Amino acid sequence: MKKFLYPLILTLILSVAVPATAAPAKGPVWDTVEQTEGALPMPQDAPLDVAVREGHIYISTTQPVKVEVFTILGQLVTSKTVNPGTVRLSLGQRGIYIVKGAGFARRVSL
């Protein structure tokens, strides 16, 4: 009886102890939605516009700007220099993020 029971128990233990591999999380993806040629005058009160739609962050600017995205805990997720126009950022994970650029910071929820 032990001859048949031990392999069965070992198989059960290994099947429970070794978890299935989880799908890898998608990294940040920057897509250009609209590109504006040449620099336009930048308003003083809004160096860039940040909006959230359908799980994506849309960033619009009228001049090249370095944009950084942080988790709510302050860890850098991604950064990129954005050319004039609008870009769409897909982060792959829901959460609360801080978008910084051109002396501007905004909290966004995905």
Side-chain angles (χ1 to χ4, degrees):
M1 180 75 172
K2 290 181 182 179
K3 185 165 59 170
F4 297 106
L5 192 55
Y6 287 132
L8 179 62
I9 291 173
L10 183 61
T11 303
L12 288 173
I13 290 172
L14 288 176
S15 65
V16 172
V18 179
T21 57
K26 290 175 82 177
V29 177
W30 294 83
D31 295 319
T32 302
V33 176
E34 176 183 312
Q35 192 167 1
T36 307
E37 296 297 323
L40 303 173
M42 181 65 81
Q44 292 292 340
D45 59 343
L48 52 97
D49 182 38
V50 177
V52 176
R53 282 180 268 148
E54 301 173 3
H56 302 286
I57 301 173
Y58 289 84
I59 302 165
S60 299
T61 183
T62 55
Q63 66 184 24
V65 136
K66 181 177 180 182
V67 176
E68 299 175 314
V69 180
F70 297 90
T71 65
I72 196 70
L73 299 174
Q75 296 173 328
L76 180 66
V77 175
T78 184
S79 69
K80 182 177 181 172
T81 300
V82 176
N83 291 322
T86 302
V87 295
R88 176 180 54 222
L89 175 59
S90 303
L91 293 176
Q93 290 187 342
R94 297 199 168 274
I96 300 173
Y97 296 93
I98 307 296
V99 178
K100 290 184 178 182
F104 173 81
R106 176 156 179 218
R107 181 184 62 89
V108 296
S109 297
L110 295 179

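Model, not experiment: these values are computed from the prediction. Note that the numbering runs from 1 along the sequence shown for the chain.
- Residues Ile57 and Leu76 do not share a hydrophobic cluster, defined by chaining ILVMFWY side chains whose heavy atoms lie under 4.5 Å apart.
- In this structure, CZ in Arg107 is found 14.5 Å from NZ in Lys100, a value given to the nearest 0.5 Å.
- A pairwise comparison of heavy atoms in Thr86 and Ser60 identifies OG1-OG, 2.9 Å as the closest pair.
- You'll find the side chain of Ser90 stays beyond 4.5 Å of the side chain of Pro28, heavy atoms only.
- Asp49 contributes atom CG, which lies 7.5 Å from atom CZ of Arg106 (distance to the nearest 0.5 angstrom).
- At a threshold of 4.5 Å between side-chain heavy atoms, the hydrophobic network of Ile, Leu, Val, Met, Phe, Trp and Tyr places Val77 and Val99 in one connected group.
- Put simply, Phe104 and Val52 are part of the same group of oily side chains (I, L, V, M, F, W, Y) that touch within less than 4.5 Å, one to the next.
- The CG atom of Leu91 lies 7.5 Å from the OG1 atom of Thr78; values are rounded to the nearest 0.5 Å.
- Linking ILVMFWY side-chain heavy atoms closer than 4.5 Å, directly or via other members, places Val87 and Leu110 in a single hydrophobic cluster.
- Contact annotation: the side chain of Val69 never approaches that of Ile98 to less than 4.5 Å [non-hydrogen atoms, C-beta and beyond].
- Residues Val50 and Val108 have side chains in contact (heavy-atom distance under 4.5 Å, counting atoms from C-beta outward).
- Judged by a 6.0 Å distance limit and a 45° cone about the ring axis, Arg53 is positioned over the six-membered ring of Tyr58.
- Distance OH/Tyr97 to CD1/Ile72: 10.5 Å, rounded to 0.5 Å.
- Note: Lys66 NZ to Thr61 OG1 = 15.0 Å, rounded to the nearest 0.5 Å.
- Once rounded to the nearest 0.5 Å, the distance linking NE2 of His56 with CG of Leu89 reads 9.5 Å.
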